[in-house]
2 protein chains.
Amino acid sequence: MTLANELKSIVGEDFVITRRDQMMQYLLDETPQAVKPVPADEVLVAKPSCSAEVSDLLKLANRTRTPVYPRGGGTSTVGGPIPTTNGIVLSLERMDRLIEIDMDNLMVVAEAGVTMETMLRAVEGKGLLFPPHPGDEGAQVGGVVACNAGGSRAVKYGIVRNYVKGLEVVLATGEMVSMGGKLLKNNTGLDLMHLMIGSEGTLGIITRAVFRLYPMPAVTAVLLVSFGDRRTAVAAVPRVLQSGILPLAVEYVERDIIDISAHHLGMSWPAKRGDAHLIFTVDGRSEDEVYALCEQIAAACDASGSVDTLFAETKQEQDTILRIRNELYGALMGDLAESLDLAVPPAKVADFLDAVERIAREYGSRIPNYGHAADGNLHPHLMMDLQQRGILWEVKDAIYEEGARLGGTVTAEHGVGRSRRIYFNRYTDATSRRLMRGIKDLFDPNGILNPGAAIE
Amino acid sequence: MTLANELKSIVGEDFVITRRDQMMQYLLDETPQAVKPVPADEVLVAKPSCSAEVSDLLKLANRTRTPVYPRGGGTSTVGGPIPTTNGIVLSLERMDRLIEIDMDNLMVVAEAGVTMETMLRAVEGKGLLFPPHPGDEGAQVGGVVACNAGGSRAVKYGIVRNYVKGLEVVLATGEMVSMGGKLLKNNTGLDLMHLMIGSEGTLGIITRAVFRLYPMPAVTAVLLVSFGDRRTAVAAVPRVLQSGILPLAVEYVERDIIDISAHHLGMSWPAKRGDAHLIFTVDGRSEDEVYALCEQIAAACDASGSVDTLFAETKQEQDTILRIRNELYGALMGDLAESLDLAVPPAKVADFLDAVERIAREYGSRIPNYGHAADGNLHPHLMMDLQQRGILWEVKDAIYEEGARLGGTVTAEHGVGRSRRIYFNRYTDATSRRLMRGIKDLFDPNGILNPGAAIE
């Protein structure tokens with residue numbers, strides 16, 4: 001029997017795609033053109049409906065040594081799910097059951113293929129909060145866990161890892177393992193669940209997750225604070241945190257870049273003064289509480305030399321600011337070669353921004369840079385001119401070198417995927433790589449899971 | 001050269017103990033008598049002063065296949081640090097430098113031997129908060145990370161894992177590895193740092209940690225709410241959480257047990273009515289905020305059938321309640337065979353408490369039970385009569401079986417150590433154990449680190 005027929009016998013005739021022209025959407029993700037991996041020629045797409053089918057599929061693949069590329073919402077910006085060798089794309093889209101919102105335990109149980117959009121709306125509908133908010137709501141539960149997604153709310157609430165309480169995982173051998181559960185504390189042996197989180201599809205297929213939920217804060221507010229220059233703006237962030245305030249998010253943007261996004265949307269950026277801006281989002285249980293928080297943030301920023309403060313009172317004003325911020329990637333995308341995702345210690349943000357600007361000048365280009373200021377997580381955007389001039393990699397090398405010098409990391413929230421493997425290898429010590437490699441061999445002895453990704 | 005002399009050449013003449021009568025304190029921890037492991041006969045104690053010495057010591061041990069027992073504050077209640085085979089106790093007590101409280105990054109960097117007491121006071125002195133609070137402040141940084149300590153504040157702030165941002169680790173081979181850093185987000189490859197957290201000294205020696213700090217809430221308050229019976233009390237917990245309130249801690253105690261503790265301290269339990277009590281601790285940024293939270297908690301409890309509410313207004317009233325609560329273990333200890341540490345899904349707390357009471361009746365004993373209600377984490381206390389009657393293990397079996405039936409775990413926050421290995425093995429599936437075993441072999445190929453503990 002051919003592989004395609006064997007797959008059909010497992011997931012059903014209708015859920016295997018063999019024709020190239022019908023599978024194009026499974027060979028793509030959101031990685032910018034310049035670094036997008038090229039998919040292999042001989043690819044099959046299979047869509048199991050349950051973990052038993054995932055298990056059977058993996059047993060088949062393991063026996064026949066066929067590479068398997070797990071795929072969620074396809075929102076990776078680093079080529080994570082792209083099948084770069086001949087093999088099977090395992091799409092989890094049919095495993096889209098939201099099993100349960102458990103009001104007594106304040107947890108949600110969802111299959112891997114549930115999108116963030118579906119899960120967030122359902123959770124909010126019950127008056128509850130899933131605290132992290134990865135940027136793209138098309139992402140699916142399995143991918144969000146496998147990539148330990150971040151997002152802007154990490155300042156107050158941390159990343160996805162903190163909310164994962166249980167996983168169902170199918171190993172490369174087809175063995176199914178349940179890790180954790182509806183448990184808030186669990187110290188039973190080595191934590192395999194936390195090893196799966198962020199493993200980017202290289203150790204096993206996550207088929208189901210249990211997340212902890214929180215009460216929904218009643219009110220959120222947005223405060224846009226303007227500064228004359230970058231250093232003054234960035235220096236205000238630790239001042240605010242030290243004053244005892246924990247905002248939901250603190251985003252840093254610069255006028256010349258945010259104007260591009262506003263223009264792209266046919267809107268205008270509401271801040272009238274200053275070239276460097278902090279967007280604070282705060283949440284709280286009452287209007288009074290949130291208003292008091294905003295006043296304290298404004299006061300701390302004022303003491304740090306801000307030139308203007310705009311309190312977005314109405315929902316519409318809030319949406320305007322956040323929409324322009326969130327459209328940055330979209331606005332720059334047309335001309336984008338690659339977006340980076342470094343984190344440095346939060347106090348080094350200004351140094352890093354300066355360093356990237358220096359590199360941009362040195363290479364006669366422009367490198368838009370913005371990000372999650374309080375997390376130290378920045379996204380330098382390398383534009384197509386660098387690619388066209390053949391210096392994209394040289395500029396990247398220089399930026400990663402500055403990041404490393406400042407105590408930073410190659411990827412904060414987007415993951416290694418395929419496009420950052422060279423930097424992952426360069427900046428990860430040999431001992432750690434040997435241990436990761438050993439763990440990979442242990443979980444996936446025939447190396448069938450996502451070959452070519454982070455840990456091959 | 002003898003092993004003792006080789007150790008002296010590494011850590012210095014004065015920092016190796018060879019005489020048994022001088023090392024008794026290194027052969028003990030806080031494990032109750034009935035399950036306390038027996039230390040081996042031929043033990044040496046070595047006290048390195050820096051990670052380079054830890055590395056040299058481990059190279060020696062690895063070459064000579066000598067077991068090494070890492071030891072922090074010795075506050076384990078499960079025999080974690082007790083040397084049960086001939087070998088070396090590696091005490092980290094001299095590595096007690098609080099390297100830095102970094103106000104700009106809001107992080108603290110400490111060597112493994114710094115006690116919680118030292119670290120917490122230093123952090124508080126800067127107006128900052130290390131959110132988790134493991135019960136015993138004699139615990140040391142390395143042990144707290146190695147055991148992923150919990151504590152009562154996990155309701156709002158989660159466990160120690162959430163606050164670890166960087167580790168320095170010495171592997172069994174003597175290789176030093178730096179994991180993470182002053183980074184709030186880091187997704188670079190498999191997360192070895194999270195694998196080290198909770199590994200109980202079986203994968204490597206943690207020599208230094210970086211923790212994230214938070215702003216210190218200005219005000220805390222304690223609310224003692226009384227209920228007529230257990231089920232009514234426990235059912236109020238999800239009601240409070242659903243109402244949008246996130247307390248710092250929610251502790252459950254019963255009158256007959258808490259009276260023992262109050263009596264032990266020569267104090268009296270302030271609640272006049274009801275047999276089942278919830279102690280809510282809340283924090284906030286102002287008296288008004290905290291007062292409003294307490295009112296909302298009281299209202300939610302009232303709607304759930306509480307019979308009395310006591311708002312501990314003064315510091316002294318708060319201290320009385322928390323001190324009586326915290327003395328429970330001490331008050332019961334004299335007659336204690338073993339304290340368990342199960343977690344069940346929070347909504348199953350009442351079922352679990354009932355089941356333990358049923359088991360107590362069945363065996364004609366009394367099993368005091370209390371714990372962190374909102375976390376689902378309970379500590380059934382098995383008393384000496386069970387040991388004397390030779391039914392301790394039978395009763396334990398019955399309790400663990402109930403825990404498992406309710407979707408619970410063998411240990412929530414105290415760890416597996418030595419005394420829970422049998423239950424860890426019983427309730428962990430074979431695949432997971434094989435993976436853990438494989439990871440252990442990868443990190444510690446000669447099995448020198450903490451043999452006899454969780455993952456041997």
Side-chain angles (χ1 to χ4, degrees), chain A residues 103-106 147-148 150 154 158-159 162 175 177 181-192 194-195 197-199 214-216 218 238 241-242 244-246 285 289 343 345-347 375-377 407 409-413 415-416 424 428-429 431-432 435-436 438-439 442-443 454-455, chain B residues 103-106 147-148 150 154 158-159 162 175 177 181-192 194-195 197-199 214-216 218 238 241-242 244-246 285 289 343 345-347 375-377 407 409-413 415-416 424 428-429 431-432 435-436 438-439 442-443 454-455:
Chain A
M103 295 300 289
D104 289 328
N105 285 307
L106 292 177
C147 299
N148 186 28
I159 37 66
N162 297 3
E175 293 163 284
V177 185
K182 287 183 179 174
L183 297 166
L184 293 180
K185 291 174 172 170
N186 184 10
N187 270 347
T188 311
L190 300 180
D191 206 317
L192 302 177
H194 276 280
L195 190 58
I197 300 169
S199 62
Y214 275 75
M216 174 75 91
L241 298 178
Q242 285 159 16
I245 299 158
L246 207 53
R285 303 184 50 259
E289 184 188 335
D375 298 336
N377 180 192
T409 184
V410 164
T411 173
E413 57 180 9
V416 174
F424 165 69
T428 307
D429 64 281
T431 304
S432 295
L435 293 173
M436 293 181 197
I439 291 168
L442 178 68
F443 278 70
I455 310 295
Chain B
M103 295 299 291
D104 289 328
N105 286 306
L106 293 177
C147 299
N148 186 27
I159 37 67
N162 297 4
E175 291 164 285
V177 185
K182 287 183 177 174
L183 298 166
L184 293 179
K185 291 174 174 170
N186 184 10
N187 270 348
T188 312
L190 300 181
D191 206 318
L192 301 178
H194 276 280
L195 190 57
I197 300 169
S199 62
Y214 275 75
M216 173 75 90
L241 298 178
Q242 285 160 15
I245 299 160
L246 205 54
R285 303 184 50 259
E289 184 188 336
D375 299 334
N377 179 194
T409 184
V410 165
T411 173
E413 56 178 11
V416 174
F424 163 69
T428 306
D429 64 282
T431 305
S432 295
L435 293 173
M436 292 182 197
I439 292 169
L442 178 68
F443 277 69
I455 310 295

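Note on naming: letters A, B, ... go to the chains in the order of the sequence lines (proteins, then strands), and numbering restarts at 1 for each one.
Expressed to the nearest 0.5 Å, how far CG of A:L192 lies from CE of B:M436 amounts to 4.0 Å.
If you measure heavy-atom distances from A:T188 to chain B, the contacts under 4.5 Å come from both the backbone and the side chain. Interface residue B:L442: backbone and side-chain heavy atoms are both found under 4.5 Å from chain A. In this structure, the portion of B:N377 lying under 4.5 Å from any heavy atom of chain A is its side chain and not its backbone. Heavy-atom distances place both the backbone and the side chain of B:N186 under 4.5 Å from chain A. Neither the backbone nor the side chain of B:M216 comes within less than 4.5 Å of any heavy atom of chain A. Residue contact with chain A, scored on non-hydrogen atoms closer than 4.5 Å, involves the backbone and the side chain of B:T411 alike. When heavy atoms are compared at a cutoff of 4.5 Å, B:E175 approaches chain A solely by way of its side chain, counted from C-beta outward. Using a 4.5 Å cut-off between heavy atoms, B:L183 touches chain A through its side chain atoms alone. Residue A:L435 touches chain B through both its backbone and its side chain, counting heavy-atom pairs closer than 4.5 Å.
Contact count against chain A (heavy-atom pairs under 4.5 Å) is highest for B:L184 among B:I455, B:V410, B:L184, B:D429. Most heavy-atom pairs under 4.5 Å with chain A, from the set B:C147, B:G376, B:P346: that is B:P346. Most heavy-atom pairs under 4.5 Å with chain A, from the set B:A343, B:A454, B:G244: that is B:G244. Counting heavy-atom pairs closer than 4.5 Å to chain B, the top residue among A:H194, A:K185, A:E413 is A:K185. The choice from B:V177, B:L190, B:D104, B:I159 that makes the most heavy-atom pairs within less than 4.5 Å of chain A is B:L190. Ranked by heavy-atom pairs under 4.5 Å with chain B, the first of A:A412, A:P238, A:P215, A:A347 is A:A412.
The two residues A:V416 and B:G189 come nearest to each other via the heavy atoms CG2-N, 3.7 Å. Nearest approach of B:P345 to A:N105, heavy atoms of both residues: C-OD1, 3.4 Å.
Residues B:I197 and A:D191 have side chains not in contact (no heavy-atom distance under 4.5 Å, counting atoms from C-beta outward). Between B:I439 and A:L195, some side-chain heavy-atom pair lies under the 4.5 Å cut-off.
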_Steps toward side chain to side chain contact (heavy atoms under 4.5 Å, CB included) verdict (A:R285, B:I245)_ = CA-CA 9 Å; A:R285 303 184 50 259; B:I245 299 160; 3.6 Å; yes
